[in-house]
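What follows is a short report on a single structure.
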Amino acid sequence: YGDHRDLHSFPTRRSSDLRRSTTVSVNGRTGAENNFTIDGMDNNQKFVGSILVKPSMEGIAEMKVLTNSFSAELSRTGGAAITVITKGGTNNMHGSAFEYLRNEALDARPPNLAATAAKPPYRQHNFGGSISGPIKKNQTFFFFDWETYKVNLGSALLSTVPTPAMAQGNFSGLAPIFDPSTTTTNASGVTTRQPFPGNMIPASQMNPIGYAIANLYPTPINSLATNNFQQTGLSTQTDNTMDTRFDHRFSQANTFFARYSYDHATTAAPGYLPEKNGIAPVGNANVPVVGNASTNLLSIHGLAFNDTDILSPSSVLVVRAGFSRFSNQSLPLGFGTTPATKLGMPNINVDPDSSGFPTVTSTNFTPLGDATYVPDLNFENSYTASGSLQKLKGSHGLKFGGEVTRRQVNMYQSAEPRMAFGFTPTFTSDPSNNFSGGSAIASLLLGFPQTTSRNRYLIHPGYRYLE
């Protein structure tokens, strides 16, 4: 399970669950192939492949990682069986508190930071505590814990952007660009194009949408051909975790407890480029340096009931029931906006699922657009009931039992819900000379994409199944 007061680490591509990682790889299997239980109850999110309830360190009484020789009740895994038992109250009052702090004042400068740039912020707070004790001596007890994790992580975000002259169609001093409207093929099968006079694209030939997109790039901060723009991006996460448990002793032979756990995390990762002309082009949205550019809203509820009855000195009956809800929404930074419509691109931002900036890639330049594979929506309700009877007979121990889980899953994710356009130098290069010259920005200004694609679900599928 790990000490999740450790330093912050944003997951990489399409993780969906952006909380601090508890992934472990056991027996050569992936982290999604472990079986998690908490207080004997199922604690797995099946579609994302992660743990559901992550109790605070203050709320854990016992944890085990089993890698082989599983008992039947834990054996549905090719990885590890990871079990967690939560704390309960006692006859004595107990309390704890903790704070973990990290600040950029104690950190070294990032190696890719511009010499004149200020050190990006890194402010991490992890604090919480617990309290427990009796409600009625020797009979009813309570336990409560709370943990908050807050981080502001600044990173130097480098981009390669065209010069203002290039965005206006002026490629003087650069590789020659050729006019695709002059493309001809002679009788020998040789295809030729004529270069643009002065290496400049006339305004009359520019595509208005391509021109508007090219001019969403910011002005370079230096004269370099690459990595000529930088801004500080701020990734943030606030994760609040709570566990509360009530234990009641009906008799010396019969005990009962109920536990409720709650986790709510909000995560935001930035784009590489600033807003311009009232439109946010995002930029490098799929580069997982500090998490893909998106906003993630996650909430988890876990409810468990456990009744233990000692039927005889040799027989113990345990009955459990539980409910959990996983709600996760990874949204593009432009969710709810219609920049494609504003730019004059019809039939792209047609509903909330397709809102945001479409993907526009230009060879050798920072891509524009919101991240692919978002929105990523996952909602799962799980209902679990189980029971076991343990019997001692002489030197033998027997255990019988069963468990049934009903899952209700609704999810949605498309690879390219807003379309993707790929611009290369091909259409503005010289086909008679191994396609030399050309510029992806010139192709963008002319409105000649090399590739276009769209891949999206038209429905939000739902799944219902028993385990």
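- With no hydrogens or angles considered, a side-chain donor-acceptor pair links Asn215 and Gln168 at under 3.5 Å.
- Under 4.0 Å is where a charged nitrogen must lie from a carboxylate oxygen, and between Arg418 and Asp353 no such pair does.
- The CG atom of Leu157 sits 8.5 Å away from the CG atom of Asn284 when rounded to the nearest 0.5 Å.
- Shortest non-hydrogen contact noted between Arg454 and Pro417 is NH2-O, 2.9 Å.
- Looking at Thr366 and Phe229, their side chains never come closer than 4.5 Å, going by heavy atoms from C-beta outward.
- A side-chain donor-acceptor contact under 3.5 Å links Thr182 to the backbone of Gln194.
- Under the rule for a ring pair (Phe, Tyr, Trp, His ring centres under 6.0 Å), Tyr217 has no partner lying at least two apart in sequence or in another chain.
- The only option from Pro270, Pro121, Ser155 that meets the side chain to side chain contact (heavy atoms under 4.5 Å, CB included) definition with Thr232 turns out to be Pro121.
- Using cut-offs of 30° and 60° for the angle between ring planes, the His301 and Tyr262 rings count as tilted.
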Do Thr372 and Glu416 pass the side chain to side chain donor-acceptor pair (under 3.5 Å) test, and can you show the C-alpha distance, the side-chain angles, and the key distance before you say yes or no? CA-CA 6 Å; Thr372 54; Glu416 297 165 336; over 6 Å; no
Begin from the C-alpha positions of Asn126 and Glu99 and carry the test side chain to side chain donor-acceptor pair (under 3.5 Å) through to its verdict. CA-CA 6 Å; Asn126 190 190; Glu99 159 77 10; over 6 Å; no
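- Taking a cutoff of 4.0 Å between a charged side-chain nitrogen and a carboxylate oxygen, Glu380 and Arg407 qualify as a salt bridge.
- Using a 4.0 Å cut-off between a side-chain N of Lys or Arg and a carboxylate O of Asp or Glu, Lys54 and Asp263 do not qualify as a salt bridge.
- In this view, Phe323 and Tyr383 satisfy the ring pair (Phe, Tyr, Trp, His ring centres under 6.0 Å) rule, not counting sequence neighbours.
- The only option from Ile177, Ile441, Asn207, Thr428 that meets the side chain to side chain contact (heavy atoms under 4.5 Å, CB included) definition with Leu446 turns out to be Thr428.
- Tyr122 carries Arg102 over the face of its six-membered ring, with the cationic atom under 6.0 Å from the centre and within 45° of the normal.
- Listed for the Asp351 side chain is a donor-acceptor partner under 3.5 Å among the backbone atoms of Ser354.
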When you look at Ser327 and Arg325, which way does the side chain to side chain donor-acceptor pair (under 3.5 Å) test go after all the steps? CA-CA 6 Å; Ser327 172; Arg325 176 168 175 78; 4.7 Å; no
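- The backbone N or O of Ile279 sits nowhere less than 3.5 Å from a side-chain atom of Asn277 that would complete a donor-acceptor pair.
- The minimum heavy-atom distance between Ser56 and Asp145, with the atom names listed, is CB-OD1, 3.4 Å.
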With side chain to side chain donor-acceptor pair (under 3.5 Å) as the test, would you mind laying out the steps for Asn152 and Gln124 before giving the verdict? CA-CA 6 Å; Asn152 292 328; Gln124 177 181 329; over 6 Å; no
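- In this structure, Tyr457 places its OH atom where only 12 or fewer heavy-atom neighbours from other residues, nucleotides or ligands lie under 6.0 Å away.
- Heavy-atom minimum distance, Leu273 versus Val161: CD2-CG1, 4.2 Å.
- Of all non-hydrogen atoms in Leu333 and Ala269, the two that sit nearest each other are CD2-O, 3.6 Å.
- Of all the heavy atoms in Ala340 and Asn349, the pair that sits closest is N-OD1, 2.9 Å.
- In this structure, the side chain of Thr37 does not engage the main chain of Met41 through any donor-acceptor pair within 3.5 Å.
- Under the 3.5 Å distance criterion, the side-chain polar atoms of Glu467 are left unmatched by any main-chain donor or acceptor of Thr405.
- Evaluation of the ring pair (Phe, Tyr, Trp, His ring centres under 6.0 Å) rule for Phe127 yields no partner, not counting sequence neighbours.
- Minimum interatomic distance between Ser414 and Asn455 (heavy atoms only, all atoms of both residues): CB-O, 3.5 Å.
- A side-chain donor-acceptor contact under 3.5 Å links Arg464 to the backbone of Val409.
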